[in-house]
Engineer: 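Here it is, the structure in full.
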Amino acid sequence: MPPGCMRSALLPREFYDRDPVRVARALLGCLLLRRARAGLAGGRIVETEAYLADGDPACHASRGRTRKNASMFGRPGTAYVYAIHSRWCFNVVTEPEGRASAVLVRAIEPLAGLPLMQARRAARQAGRDDAALPARDLARGPARLCEALAIDRRLDGWDLTRGTRLWISADDGPRPAAIATSARIGVTSGGELPLRFYWAGSPFVSR
DNA sequence: CTGAGGATAGTCT
DNA sequence: GACTATCCTCAGA
């Protein structure tokens with residue numbers, strides 16, 4: 001861990017209690033951390049996407065509450081983890097409880113627990129080459145990120161402000177010199193809204 | 001009970 | 001850029 005991590009501060013609930021676009025931008029540069037029995041792993045958030053409570057068909061809560069998206073309706077700072085094609089995606093709930101907006105964390109720059117992340121990622125690809133994956137490929141993309149950090153449905157609904165198991169900290173390390181914007185990746189409904197944000201120039205961004 | 005669909009990623013052209 | 005494996009949830013009958 002770089003020195004900056006030592007002075008990192010757990011993000012309070014108020015951080016998440018605002019519109020998802022602001023949260024998505026503010027999360028760039030923050031540290032996503034995961035502690036499990038196997039050890040600590042995590043890194044710097046470099047890519048996010050916002051999903052809006054109003055007028056956003058791509059938002060999972062747009063057609064009301066179901067068992068699957070229930071945690072989206074929870075307090076700001078709650079984790080929303082869902083599966084697509086047998087892979088996991090990790091979101092942070094934003095705005096006051098019941099609004100059901102969120103930010104999808106799409107990629108991190110791995111900083112802590114690289115061997116652990118490599119082992120987790122290699123496990124799925126068992127049978128392929130034995131070479132360890134480069135840091136760049138450990139957590140580039142939402143499903144890869146969850147695999148590297150061992151995030152699955154057991155963490156759906158987890159309170160990120162607790163500061164255990166899975167949490168996010170501010171960091172006084174580098175901040176993005178520029179935040180790039182684009183349409184969200186893979187969304188079939190919701191148009192071309194510029195709701196994807198990423199650290200311009202970072203090699204750890206997906207695509 | 002059945003079928004459609006999905007905020008992916010790996011592979012091929 | 002296109003194709004698709006693969007599986008869980010949900011809506012509809």
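Keep in mind that the numbers below use all heavy atoms, side chains included, and drop hydrogens, waters and symmetry copies. All chains are named by letter (A, B, ...) in the order of the sequence lines, taking the proteins before the strands, and each is independently numbered beginning at 1. Computed from a prediction, not measured in an experiment: that's the story for all the values here.
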Engineer: Go through C/dC10, B/dA7, C/dA5 for me and flag the one nearest to the A/V187 side chain.
Structural biologist: B/dA7

Engineer: Would you say A/H60 places a side-chain N or O within less than 4.0 Å of OP1 or OP2 belonging to B/dA7?
Structural biologist: yes

Engineer: Could A/R13 and A/D159 be called an ion pair, given the rule that one side-chain N must be under 4.0 Å from one carboxylate O?
Structural biologist: yes

Engineer: Output yes if the stacking criterion (under 5.5 Å between centres, under 30° between planes) is met for A/Y51 over the base of B/dA7, else no.
Structural biologist: yes

Engineer: Do the charged groups of A/E147 and A/R121 touch, with an N to O distance under 4.0 Å?
Structural biologist: yes

Engineer: In whole angstrom, what separates A/R87's CZ from C/dT6's P?
Structural biologist: 10 Å

Engineer: Any side-chain N or O of A/R153 less than 4.0 Å from the OP1 or OP2 oxygen of C/dT9?
Structural biologist: yes

Engineer: Heavy atoms only: give me the nearest A/L40-A/W167 pair and the separation to one decimal.
Structural biologist: CD1-CH2, 4.0 Å

Engineer: Within less than 4.0 Å of OP1 or OP2 of B/dT8, is there a side-chain N or O belonging to A/R106?
Structural biologist: yes

Engineer: Taking atom CZ of A/R175 as the centre, report whether more than 12 heavy atoms of other residues, nucleotides or ligands fall under 6.0 Å from it.
Structural biologist: yes

Engineer: Starting at atom CH2 of A/W88, determine the distance to atom P of B/dA9, rounded to an integer number of angstrom.
Structural biologist: 14 Å

Engineer: What is the distance from CG of A/N91 to P of B/dT8, rounded to the nearest Å?
Structural biologist: 11 Å

Engineer: Could you state the atom-to-atom distance from CZ of A/F90 to P of B/dT8 in whole Å?
Structural biologist: 16 Å

Engineer: Measuring from the side chain of A/P142 (C-beta onward, heavy atoms only), which nucleotide among B/dG6, B/dA9, B/dA7 has the closest atom?
Structural biologist: B/dA9

Engineer: Give the dot-bracket string for DNA chain C, reading 5' to 3', where a pair is Watson-Crick or G-U wobble with both distances under 3.5 Å, ( ) marks pairs inside the strand, [ ] marks pairs crossing earlier ones, | marks a partner on another strand, and . marks unpaired.
Structural biologist: |||||.||||||.

Engineer: Strictly distance-based, threshold 3.5 Å: is any side-chain N or O of A/R87 a donor or acceptor partner for the main-chain N or O of A/A143?
Structural biologist: no

Engineer: Measure from CG on A/D152 to P on C/dC8 and round the result to the nearest Å.
Structural biologist: 13 Å

Engineer: Between A/R106 (side chain) and A/E47 (backbone), is there a donor-acceptor pair under 3.5 Å?
Structural biologist: no

Engineer: Starting at atom CD1 of A/I185, determine the distance to atom C1' of C/dG1, rounded to an integer number of angstrom.
Structural biologist: 14 Å

Engineer: Would you mind telling me which residue lines up with the more 5' stretch of DNA chain C, A/R63 or A/I84, judged by nearest nucleotide?
Structural biologist: A/I84

Engineer: What's A/A143 touching, base or sugar-phosphate or nothing? Going by heavy atoms closer than 4.0 Å.
Structural biologist: sugar-phosphate

Engineer: Whole angstrom is fine here: how far is it from CD in A/E49 over to C1' in B/dA7?
Structural biologist: 6 Å

Engineer: Check the distance between B/dA9's P and A/E147's CD and give it to me in whole angstrom.
Structural biologist: 9 Å

Engineer: Evaluate the salt bridge (Lys or Arg N to Asp or Glu O under 4.0 Å) criterion for residues A/R75 and A/D17: first the C-alpha distance (whole Å), next the side-chain angles of each, then the deciding distance (0.1 Å), finally the verdict.
Structural biologist: CA-CA 8 Å; A/R75 291 186 293 175; A/D17 194 359; over 6 Å; no

